[in-house]
Number of protein chains: 2
Amino acid sequence: MNPTIKDVAKHANVSIATVSRIVNGLPGYSEETKKKVQRSIEALGYQPNAIARGLINKRTQTIGVLFPDVSGMLSSEVLEGVENAAHDGGFSVIVCNTTSSGKRTVKYLRLLQEKRVDGIIFASEDVKEEYYKIFQEMKVPVVLVSTASPKYDLPFVRVNDFDGAFQATEYLIRKGHKEIGMIGGSDEDPIAGVPRMQGFQKALESNGLSFTENHITKNEGYRFQNGKESLPSLLKKLPGMTALFAASDEMAIGAMSAAHQLGIKVPEELSIIGYDNLKIAEMCYPPLTTVSQPLKDMGQTSGEMLVSLIKGEQQEAKSRYMPFSIVERQSVSDFHDK
Amino acid sequence: MNPTIKDVAKHANVSIATVSRIVNGLPGYSEETKKKVQRSIEALGYQPNAIARGLINKRTQTIGVLFPDVSGMLSSEVLEGVENAAHDGGFSVIVCNTTSSGKRTVKYLRLLQEKRVDGIIFASEDVKEEYYKIFQEMKVPVVLVSTASPKYDLPFVRVNDFDGAFQATEYLIRKGHKEIGMIGGSDEDPIAGVPRMQGFQKALESNGLSFTENHITKNEGYRFQNGKESLPSLLKKLPGMTALFAASDEMAIGAMSAAHQLGIKVPEELSIIGYDNLKIAEMCYPPLTTVSQPLKDMGQTSGEMLVSLIKGEQQEAKSRYMPFSIVERQSVSDFHDK
DNA sequence: ATGAAAGCGCTAACAC
DNA sequence: GTGTTAGCGCTTTCAT
């Protein structure tokens, strides 16, 4: 067994109360006893038991983070930021991989409830009523990252997707492109799906370009395969297309891959702009021009927000729209030159 | 406050012991009281407190996982497997991002000790004496994944790197290449550095090919940039090179990127084989031929091993070498054709 | 400055 | 079949 506070007390010939005070830096003892106790702690290799502490303090110093896909490149970067902020604030983080399954999400939420985590970060998914009920039951702060909830009043940290998509599209327009297509998400997805498609449409219309159903190929997911499969169909619907906006970097790179196979040169014959700025964006060929979301920062910010909410430094956190920017690499060409 | 077992007992007019029995599925009560208690649990929305449980059982049902770089693509995939196995076994996982810093690692280890985790998974790094001492103090099972320890007797789950490198190199040789270079790691790295370089050297020598210092460019890291910067220097040392083996996929893709910039066609003029089989391997262009490590599986296996060690289903876990394979994509050409 | 003692919410003997 | 009780390791009054 590990030594307990009792053992230390005995070894130092003081009461456990005194040891507790010293360990926790509370006032109420002489310098001398402090020295003595510290020597005992050292000698026995005493480590306070966080479980016992948690039981009494009602604070576990741990938070839970839920991702639809922990191994996704987007999640990993966000996680890094969250973990960093949590650690700096004195918290540990329990990761939960929901695989976008409602059942699993609920299971995890219950688990986190039993484990008495002090707060929750919920990433990249829509907050269902079921989840929200549990949040309320748990009575712990929750912050959303890379998502938001129209229905429930929950603080979020994200990028304005409508604006991001709008600007990505305008960037293409400024480069002289007139026939622009989009590889988009789903109409069912209120987070990354709808707003990005709306931003795209609005940018076209605002610039006097026509927009039709044929300008977008929709997808259930945002993965490489989705992008790869979307290019041919988009090309069929929009034969004159000289540039495209993909709702995610993975999709953009999928489209790039399809283009290579079809013998279409990027960016000479087809310009592509992505969304996310994942690490792969600069690794692919040609390096991908894309809308950069500050993923790690978003994780960090949401982590800090949660920590400060837990510590009670603020009652209501104000949501944060994080700045995005367009990172110019080499997948978009200037159509004016042609 | 959340309702406690006491509240349930009162509400159901039974003792807390009875509630405890029912909640834990132990024998000793009539069907009738069970129904009654379950209704009370339902009515109050009672959730057992895992902290109180942990204090008494000396089991927290959580494990700690340490990664040098959580957001790395390798780590993320391993993490997914670990999390999955842990969850299936009834455990939660606390992630720790050590950033390869000894100080941070020790800090995390101490934290995990205070939190009384039931076991530890240590990934992709060398086990320093300092760490090992803490492992022993903690008296919890530890399993290594994607690494191993020559000095200490710790079970591991990994791929035989020497063999992987050997076969990757022989693959190139079978394709008719005779001037083969390598972008390697560091001599200081006993895990991924040395064995992969030795495997490379051995393959060359076993096949009657000469090996010199000039055949390898060494690196401190295994990242995209390292690979990108290594290609020019390797090319200078080995001008006739027609193929190269990179000690990681990131490096391979970095080399590919450099090749594109230098106007060297892959695989027509230069064949490249990587190591890892990350998700990006099939996303880049041309898709990367590489040595596939079953990353998610390795995580899963190490997680299962740890769980079974914790549950005491086995005393000493036997380490596992996981099978690897060469995934043929399009970055290697047959030199016989030329 | 220091100690005794009452819990935190639960499990596990041990009684009845 | 059910209840009583003694802790698990700690923090925190309240005395002294």
Side-chain angles (χ1 to χ4, degrees), chain A residues 1-38 40-41 44-62 110-118 138-139, chain B residues 1-38 40-41 44-62 90 110-111 113-118 138-139:
Chain A
M1 267 317 299
N2 280 311
T4 73
I5 197 171
K6 242 184 198 158
D7 300 321
V8 177
K10 206 170 298 171
H11 185 274
N13 263 313
V14 297
S15 74
I16 60 170
T18 299
V19 178
S20 175
R21 290 191 189 98
I22 291 170
V23 168
N24 294 295
L26 300 174
Y29 46 80
S30 65
E31 263 306 302
E32 203 180 346
T33 50
K34 180 175 176 182
K35 289 261 160 60
K36 192 170 54 173
V37 169
Q38 282 176 332
S40 297
I41 288 178
L44 300 175
Y46 169 71
Q47 293 284 133
N49 183 328
I51 300 302
R53 264 185 180 163
L55 184 57
I56 211 163
N57 293 334
K58 274 117 176 48
R59 273 289 193 77
T60 53
Q61 299 298 110
T62 107
R110 290 288 173 211
L111 200 83
L112 294 176
Q113 185 174 20
E114 294 195 7
K115 292 236 161 105
R116 299 299 192 260
V117 296
D118 299 327
M138 293 179 72
K139 302 195 250 310
Chain B
M1 265 319 297
N2 280 311
T4 72
I5 197 171
K6 242 182 195 158
D7 301 320
V8 177
K10 205 169 298 172
H11 186 276
N13 262 313
V14 296
S15 74
I16 61 170
T18 299
V19 179
S20 175
R21 287 189 190 102
I22 291 169
V23 168
N24 293 293
L26 299 174
Y29 46 78
S30 65
E31 263 307 300
E32 203 181 346
T33 51
K34 180 175 175 180
K35 289 260 159 62
K36 190 171 51 174
V37 169
Q38 282 175 331
S40 298
I41 289 178
L44 300 175
Y46 168 70
Q47 292 285 131
N49 184 328
I51 301 302
R53 262 184 182 165
L55 184 57
I56 216 165
N57 294 334
K58 275 113 177 48
R59 272 289 194 76
T60 53
Q61 300 297 110
T62 107
R110 290 287 173 213
L111 200 83
Q113 185 174 20
E114 294 194 6
K115 292 237 162 107
R116 299 297 192 263
V117 296
D118 300 328
M138 293 180 72
K139 301 197 249 317

Can a donor-acceptor pair be found, under 3.5 Å and without considering hydrogens, that links the side chain of A:Lys115 to the backbone of B:Gln61?
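Here the side-chain-to-backbone pair exists.
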B:Ser20 vs B:Val23 side-chain heavy atoms within contact, under 4.5 Å
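No, their side chains stay 4.5 Å or more apart.
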What integer distance in Å separates [X]:[atom1] from [N]:[atom2]?
X	N	atom1	atom2	value
A:Ile16	D:dT13	CD1	C1'	13 Å
B:Asn57	C:dT11	CG	P	7 Å
B:Arg59	D:dC8	CZ	P	19 Å
B:Leu26	C:dT11	CG	P	9 Å

Is B:Thr18 touching bases, backbone alone, or none of the nucleic acid, heavy atoms closer than 4.0 Å?
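Counting heavy atoms under 4.0 Å across all strands, the contact made by B:Thr18 is with sugar-phosphate only.
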Separation of [Y] [atom2] from [X] [atom1] (nearest 0.5 Å):
X	Y	atom1	atom2	answer
A:Asn2	A:Leu44	CG	CG	11.0 Å
A:Thr62	A:Leu112	OG1	CG	7.5 Å
B:Asp118	B:Met138	CG	CE	9.5 Å
B:His11	B:Ile41	NE2	CD1	11.0 Å
B:Gln38	B:Thr33	CD	OG1	9.5 Å

Short N/O separations, protein against nucleotides 14-16 of chain D, under 3.5 angstrom:
none

Should [X] be listed as having a side-chain N or O under 4.0 Å from OP1 or OP2 of [N]?
X	N	answer
A:Ser20	D:dC10	no
B:Asn24	C:dT11	yes
B:Thr33	D:dG1	no

Minimum-distance pair of heavy atoms, taken over all atoms of A:Ser15 and A:Ala9:
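That would be C-CB, 3.8 Å.
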What pairs of donor and acceptor atoms, side-chain ones from residues 45-54 of chain A against any protein atom, are under 3.5 angstrom apart with sequence neighbours left out?
unit_1, atom_1, unit_2, atom_2, d
A:Asn49, OD1, A:Ile51, N, 2.7
A:Asn49, OD1, A:Ala52, N, 3.2
A:Arg53, NH2, A:Asn24, OD1, 3.3

Between N or O atoms, less than 3.5 Å apart, protein on one side and nucleotides 7-9 of chain C on the other: list the pairs.
unit_1, atom_1, unit_2, atom_2, d
C:dC8, O3', A:Lys58, NZ, 3.0
C:dG9, OP1, A:Lys58, NZ, 3.2

